[in-house]
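Structure first, commentary second.
To find a chain, count down the sequence lines: A is the first, B the second, and so on, and within it residues start at 1. Source: prediction; values computed, not measured.
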There are 2 protein chains.
Amino acid sequence: MKWDALEEEPCSLARTVAVIGDRWSLLILRQCFLRVRRFDEFQSSLGVTRHLLADRLKKLVRFGVLRKSPYQEAPKRYEYILTQRGLDLYPIIMSIVHWGNVHMVDSRGRPLLHEHKSCHKMFDPVMICSECGEPLTAKAVRVHQGPGARQSSPMHAKDPEKH
Amino acid sequence: MKWDALEEEPCSLARTVAVIGDRWSLLILRQCFLRVRRFDEFQSSLGVTRHLLADRLKKLVRFGVLRKSPYQEAPKRYEYILTQRGLDLYPIIMSIVHWGNVHMVDSRGRPLLHEHKSCHKMFDPVMICSECGEPLTAKAVRVHQGPGARQSSPMHAKDPEKH
DNA sequence: TCCTAAAGTTCTATTTTAGAACTGTCAATA
DNA sequence: TATTGACAGTTCTAAAATAGAACTTTAGGA
């Protein structure tokens, strides 16, 4: 399957994966949330090749996750800033970081700690149900076809509820 | 950078990306949460080549995200089941799906709806602070070095809080 | 005997990525 | 004036990963 085909799939996960579903895009976005903004900053902090960095930044701009903002004339230079669409990726980044914190840390402990400015405490992210506020687990969720579903899509199981 | 190098990075995001940070792993995991368990089921529902599917399943088993469970002797056949480690990936999958629901749906609406069995309502996932319970936004979070941080790592900005 | 199912493995061609060098613009310095 | 350095890329070749198809193995059933 081509990357472009993913965008067309009747699946919100596949469409998001088309935007951020590769190694470098996720690492670039992490840097964005750490206030990294400039080409050479990304390049030296990540060690990504300049070629791929240029390519991925272009893609993230095309999808409206980042925007180029001029910070200097003569010669014209741009910074890459998260748009609202990009800021909305924060739960994805945080849940990835959290899983790593729980399952992939070595004996030295977590590389980074996160402080919530509102309550001034170090926190972990918790995912809850928007309707009842209870923490979510996979087993407590039933999946239904929505209006945008495609019947007998190759990307969907025939019956999501079967055992 | 090699994939193996990612596991070693002092960054929980990089380490998690080493496990699930490619297109097919994420799509395979989505199918797992939709109760898909068998090789040919994955293959036909995703359209992934058999070669890559075998490779990715092996990787996910190696990282303890899936386990092989025999469901038939003679010939020996296995199903791929999410471990607890794998079930813990649910917030990642759900936040990816949610972002797609908000930012990538077409005019027909969402492909899938999610019902919370506890409260019987269709819901969206919400990420909150474990300490105060308030919804999280990127701007309300300050990052600190943790015990596992590596000073002057190429994978970290020199000063996460600089502007 | 032949056909089918399941779970892979093997093969070649194509695409993507890594790694390094190169380009162009401008400011500051010698 | 010539040189150096910062920044934001682009171009090149070699290496690695992926796509797409065919093949293998084990066993049950027609």
If you look only at distance, which donor and acceptor atoms sit under 3.5 Å apart when one is on a side chain in residues 93-103 of chain B and the other is two or more places apart or in another chain?
from, atom 1, to, atom 2, distance (Å)
B/Ser95, OG, A/Ser95, OG, 3.2
B/Ser95, OG, B/Pro91, O, 2.8
B/Ser95, OG, B/Ile92, O, 3.0
B/Trp99, NE1, A/Arg85, O, 3.0
B/Asn101, OD1, A/Ser12, OG, 2.6
B/His103, NE2, A/Asp88, OD2, 2.7

Atom-to-atom span, CG of A/Leu46 to C1' of C/dG19 - whole angstrom: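 Between C1' of C/dG19 and CG of A/Leu46: 16 Å.
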Nucleotide C/dG19, atom C1' - distance to CG of A/Leu53 in whole Å: 15 Å
Ring pair (Phe, Tyr, Trp, His ring centres under 6.0 Å) pairs, two or more places apart, involving residues 104-147 of chain A: A/His116-A/Phe123
Nucleotide nearest B/Asp40 (side chain, heavy atoms from C-beta), chosen from C/dT25, C/dA6, C/dT9: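 The nucleotide sitting nearest to the side chain is C/dA6.
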Contact check, side chains of A/Arg108 and B/Pro147, non-hydrogen atoms, under 4.5 Å: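 The answer is no; the side chains never approach within 4.5 Å.
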Closest-nucleotide 5' rank along DNA chain D - winner of A/Pro75 and A/Lys58: A/Pro75
Show every donor-acceptor pair shorter than 3.5 Å between a side-chain atom in residues 60-69 of chain B and any protein atom, with sequence neighbours excluded, or say none if there are none.
none

Of B/Arg77 and A/Lys76, the one whose closest DNA chain C nucleotide lies more 5':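 Comparing both residues, the 5'-ward one is B/Arg77.
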Which residue lies more 5' along DNA chain C, comparing B/Lys68 with A/Arg50 via nearest heavy atoms: B/Lys68
Segment of DNA chain D, first to last nucleotide, that comes within the 4.0 Å heavy-atom reach of chain B: D/dT18 to D/dA27
Might you list the N or O atoms of the protein lying below 3.5 Å from N or O atoms in nucleotides 14-18 of chain C, with each pair's distance?
from, atom 1, to, atom 2, distance (Å)
C/dT17, OP1, A/Arg56, NH2, 2.9
C/dT17, OP2, A/Arg56, NH2, 3.3
C/dA18, OP1, A/Arg23, NH2, 3.2
C/dA18, OP1, B/Met1, O, 3.4
C/dA18, OP2, A/Trp24, NE1, 3.3

Sugar-phosphate only, base, or nothing, as touched by B/Tyr71 at under 4.0 Å among non-hydrogen atoms: sugar-phosphate
Touch class at under 4.0 angstrom, heavy-atom based, for B/Tyr80 against every strand present: sugar-phosphate
Pi-cation contact, B/Tyr71 with B/Arg38 (under 6.0 Å, within 45°):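 Output yes; distance and angle both within limits.
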Which residues share a ring pair (Phe, Tyr, Trp, His ring centres under 6.0 Å) with A/Tyr80, sequence neighbours left out: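 For A/Tyr80 there are no ring pair (Phe, Tyr, Trp, His ring centres under 6.0 Å) partners, ignoring immediate neighbours.
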B/Arg142 bridged to A/Glu115 by N-O distance under 4.0 Å: yes
Joint cluster assignment, A/Val141 & B/Leu89, ILVMFWY side-chain distance < 4.5 Å: yes
Validation row, ring centre A/Tyr90 to ring centre A/Phe33 under 6.0 Å: yes
